[in-house]
> 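For reference, the structure I am asking about is given below.
Every chain is numbered from 1, with letters handed out A, B, ... down the list of sequences. No hydrogens, no waters, no symmetry mates; every other heavy atom, side chains included, goes into these values.
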Amino acid sequence: MAEAVIAAAPVRHPRRARLGIPPVSALLLLLIVLLCVCAPLVVSAGPDQIDPTHPFAAATGQHWLGTDEVGRDLLSRLLYGGRLTLMVCAGSVALAFVLGTVWGATAADRGGWVDEILMRGADITMAIPQILFALVCVAAFGASLLSLTLITGILLTPSSARMARSVTIQETGLDYYSAGIAYGAGKIRLLSTEVLPNIFPALASQAAINAASAIILEASLSFVGLGVQPPQTSWGVLLQQGYGYLYNDPSYALAPAIMILLTVLCLNLVANRLSSPGARRAARRAARGGRTVRK
Amino acid sequence: MADGPLVSVRDVVKSFRTRDGGQFRAVDGVSVDIRRGAAFGLVGESGSGKSTLSRCILRLTRPDEGSICFDGRDMGTLSGGQLRRLRSQIQVVFQDPHGSLNRRKSVAEIIAAPLAAHRAGSRSQRAQRVAELLDLVQLPAAMTGRRPSELSGGQAQRVAIARALALSPDFVVLDEAVSALDVSIRAQILNLLRDLQAQLGLTYLFISHDLGVVRYLCEEIGVMQRGRLVEVAARDELFSAPKHPYTQVLLDAVPVVNPRRQSALTTPGDAT
Amino acid sequence: MTAASPPAPLLDVRDLEVSVGKTPVVRSVSFQLAPGERLGIVGESGSGKTLTALSVIGLHRAPVRVSGGQVLLNGTDLLAMRRREIDKVRGARISMIYQDPATSLDPLMTIGAQITEAIRLHEPVSRAQARNRAVELLGDVGVPSPRERLGAYPHEFSGGMRQRVMIAIALACQPEVLLCDEPTTALDVTTQALVLDLLDRLCREHGVASVLITHDLAVASGFCDKIAVMYAGQVVEQAAATDFFERPVHPYSAALLSASVDLAADISRPLPTIAGQPPVAGSLPAGCAFRSRCPYADEACATGEIELHSVGGPGIGGSEVGVAEARCIRPLTDNASRGNRGQQAARLTQGVIDG
């Protein structure tokens, strides 16, 4: 009970307001997404509007980030490119979330050899070199937004599956689950109505981490030409194009790099916040070091 | 309605694989009958197998050998659907009041969950039943919206009892149901359990390591040691003239509120 | 218990105040311990008994902090010591054992290493000497084949054995005071009896004064010379054990005793209970914290601070002077006649069922 007293001590984030005041990382993330979605409202020039007379222009009032090798407005390309990157990110995370949750929860629930097979499958998927996997898929199915989303989604699924399995095992070990079986609820019903709300914070946190990975994955694949194909642009494509002109015009590559950095950072911070308060409390205690006060 | 015992356990064996590959018999050939309307106590220390046996009776795990009959029907022969329907007659209250309640649900949702699982009644009928049950366990109706974290241990356990009674079961397994409660709350819950049994004609299987509590609640008591049922006796017999030496060991070990120390005299070995 | 002035106590806790954040959870707790004496601190969850012990030995950590009072061990105030100084005292002069043997021992160190570490922290002995001492200690606490078991890890022991190892570690440097926080709560009843016997023997043999914190009155009665009952962060009654169990003075103590279900409980009637809910720290009413649950409370109980004061009188038919201290203005020994006392006890045990 000493634990309960300490846990009940004045907390700066009472349960209700846990998601109340958005932290800086979430706001910044929202800003980035909004900028990309509302790109037409931010920039007047289109991403493909070439202007061969002004290549590599410096940052001016007309082109806030300057122009690229054929005079296209970099800011515009950044924001419109961001749309594609974020779309791929969202799609793949959603795929990984759904697929991973079912995969992990099934493994957790069935146990035994089903669990073994499913989890070894996840291990194998994680062990495949990502670029190699993308290469094979692109060779087989061609490069498109859809294939990119699918490839990224599949590569992210095992981590979601592992998380889902581990939290499901935890929850189903609790007495309320046994009580549910005892009063005759079916497993599917129990898992969906009782267990899912409890594991959701962990899954959401994992999804945010996956989103960060997805952005980096998209950038990597597009960088090597397996992702978004020109003339479409994304942050990865911009990085690749900027890479060629790194000594002439560093800001060309710098802009998408910074966007990727910021987005990934914010996603990781948000992931930390989304994880359940119990886990955060435990992490804080561990960081403080020293004995936890026992009853 | 059969005339025989409500629950009949015959030669049940349940083993688990140990880390080094061996087999550990948690329940080693236990047979016992529980009469309808009785409060049967099962005592034993850790490792005695009493919790494993209760899980077998609740069918949360299948026994490796033997059979368990409820109301004359062998549970091992029932189909999935039949077993689910039978479960409405066998309910359980666990030891940890907060662990046995879903921390994200409200009290009303928790108590109504068994009804929802069996699709019993309309929404308003269920709400009414929840109100009835809260009244039965002496909790104020205003509690319906609370979460488990807002309840004390005693209140949470009452909610667990209310949930167990939702489907009007015949048989309730109480697995160390008062062990995690404070002394004063324990007394309240024990009184409640007694009253409910008389009021609703319930049959109890009360599992505990606390002999004093078992003595208060149960007329018939079984003692388990290392997976075996070493003695079954009526309450008075067990406490005054136990037959098995292990029972005597248990009884001797129970501390009694009794000032054994005189402040000035401290003779070594001056035990009761 | 004679007219001569008592010698200075070994451990003297005066007006200890402990808070969690801004909420006081231990208020004005005082008790003394003579050498070799045994005090039982009894209370339910939320009474503050564990935090009291942790604060005395200096193991509390933020957000728990000591906001007042003194803890005098042989005259030196432990609360005024710096971390480094109290590290030297802890283990050597005052020691503690805990409730959960599974988490109190380091799972990654052998028990031999844990005991020798404890010894060498306080005494300038060689490793070999420390090991020999460890073997002696393990033998003392009843671990079979101690020399062979030195290399074993905690998970290879049962709960009762781990508790014995913990006792060995705690007594390794022969402290003068031993704090025991629910040491047998997590153990089986037969193991509990063995561990309590062990503690009894060792404390007597080595002259160790001890404080036993427990919620189990029966355990306290078998072990302690005097009892302090805690409720809502305060000591509400303090008395010699014999007097306490025969004739509790504070209504809460009496109710707690009646509500305890042991083998002698009356099974023919409903158990006497205490109405209402235990108090929540930080939202305590004015006056007596037990007021809302007490069948004897009146308006006077709701005002002001109620101090701990002596409630005394000759022992029933005995020559001892049974003086208790109680934080109550209507204690159960008001009206010295036995008849009234019987009436009061009956009132307490009959109709007090939770509504």
Side-chain angles (χ1 to χ4, degrees), chain B residues 43-48 138-140 151-155 158 178-192 194-195 209-219 225 235-236 239 246 249-264 266 268-272, chain C residues 1 36 38 43-46 158-159 184 187-194 196-197 200-201 204 215-226 240-246 252 255-267 270-275 277-278 280 293 320 353-355:
Chain B
V43 296
E45 304 191 292
S46 50
S48 58
Q138 295 161 10
L139 280 176
L151 302 175
S152 71
Q155 291 167 330
R158 287 174 195 264
V178 296
S179 304
L181 303 174
D182 278 324
V183 169
S184 54
I185 309 293
R186 193 176 298 187
Q188 292 175 6
I189 302 293
L190 284 172
N191 286 342
L192 175 67
R194 245 202 189 179
D195 290 341
H209 63 278
D210 186 335
L211 282 156
V213 163
V214 168
R215 175 177 164 274
Y216 181 77
L217 201 60
C218 309
E219 314 106 37
Q225 184 192 23
R235 167 172 43 211
D236 294 329
F239 286 97
Y246 178 67
V249 166
L250 277 185
L251 287 172
D252 288 338
V254 178
V256 182
V257 178
N258 169 30
R260 84 187 245 293
R261 301 174 70 85
Q262 312 287 315
S263 43
T266 327
D270 194 25
T272 29
Chain C
M1 303 283 168
R38 301 190 192 172
E44 298 179 294
S45 37
S158 69
T184 56
L187 304 175
D188 285 329
V189 68
T190 49
T191 318
Q192 173 175 275
L194 293 171
L196 286 172
D197 275 345
D200 180 47
R201 176 173 64 82
R204 224 175 327 111
H215 64 278
D216 189 335
L217 285 158
V219 165
S221 78
F223 190 82
C224 307
D225 301 318
K226 43 184 212 189
T242 37
D243 295 326
F244 177 79
F245 288 103
E246 257 179 68
Y252 174 65
L256 205 58
L257 275 168
S258 325
S260 302
V261 189
D262 64 0
L263 293 182
D266 182 357
I267 60 174
L271 290 169
T273 60
I274 310 180
Q277 298 292 329
V280 175
R293 312 171 73 191
E320 291 174 58
I353 308 283
D354 182 41

> Would you please name every residue forming a side-chain contact (heavy atoms from CB on, under 4.5 Å) with Ala259(C), sequence neighbours left out?
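Ala259(C): side-chain contact (heavy atoms from CB on, under 4.5 Å) contacts with Val183(B), Ala187(B).
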
> Measure distances from Arg194(B) to the heavy atoms of chain C and classify the residue's part below 4.5 Å as side chain, backbone, both or neither.
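Only the side chain of Arg194(B) comes within 4.5 Å of chain C.
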
> Quick one: pull up CD1 in Ile185(B) and CD1 in Ile274(C) and give me the separation to the nearest 0.5 Å.
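CD1 of Ile274(C) is found 8.0 Å from CD1 of Ile185(B).
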
> Output the option from Ser152(B), Ala253(B), Gly47(B), Gly154(B) having the highest count of non-hydrogen pairs under 4.5 Å with chain C.
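Winner by heavy-atom pair count: Ala253(B).
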
> Which heavy atom of Arg215(B) sits nearest a heavy atom of Ala265(C), and at what distance?
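Smallest heavy-atom distance, with atoms named: NH1-O, 2.9 Å.
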
> Can you tell me which portion of Tyr216(B) sits under 4.5 Å from chain C's heavy atoms? Options are side chain, backbone, both or neither.
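Its backbone and side chain both get close to chain C.
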
> So which heavy atom on Glu45(B) is nearest to which on Thr191(C), and how close?
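Looks like OE2-N, 4.4 Å.
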
> Would you find a donor on one side and an acceptor on the other, under 3.5 Å apart, between the side chain of Asp262(C) and the backbone of Val256(B)?
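Absent.
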
> Side chain from CB out, backbone as N, CA, C, O: work out which of these in Leu251(B) comes under 4.5 Å of a heavy atom of chain C, or both, or neither.
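Contact with chain C involves both backbone and side-chain atoms of Leu251(B).
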
> Starting at CG of Leu271(C), measure out to CG of Leu217(B) and round the result to the nearest 0.5 Å.
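If we round to the nearest 0.5 Å, Leu271(C):CG and Leu217(B):CG are 9.5 Å apart.
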
> What pair of heavy atoms forms the shortest contact from Pro255(B) to Val189(C), and how long is it?
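Between these two residues, the closest heavy atoms are CD-CG2, 4.3 Å.
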
> Checking Leu187(C) against chain B: side chain, backbone, both or neither under 4.5 Å from a heavy atom?
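Interface part for Leu187(C): neither.
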
> Nearest 0.5 Å, please: how far is NE2 in His209(B) from CD in Gln192(C)?
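Here the rounded value is 8.0 Å.
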
> Please flag which part of Leu190(B) lies under 4.5 Å from any non-hydrogen atom of chain C: side chain, backbone, both or neither.
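When you check distances to chain C, only side chain atoms of Leu190(B) fall under 4.5 Å.
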
> Tell me every residue that passes side-chain hydrogen bond (donor to acceptor under 3.5 Å, both in side chains) with Asp195(B), counting only those two or more places apart in sequence or in another chain.
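Asp195(B) satisfies side-chain hydrogen bond (donor to acceptor under 3.5 Å, both in side chains) with no residue once adjacent residues are dropped.
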
> Can you name the nearest heavy-atom pair linking Val261(C) to Asp210(B), along with the distance?
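Taking Val261(C) first and Asp210(B) second, the nearest heavy atoms are O-OD1, 4.4 Å.
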
> Identify the two heavy atoms, one from Asp188(C) and one from Ser46(B), that lie closest to each other, and give their separation to 0.1 Å.
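For Asp188(C) and Ser46(B), the tightest heavy-atom pair comes out as OD2-OG, 2.7 Å.
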
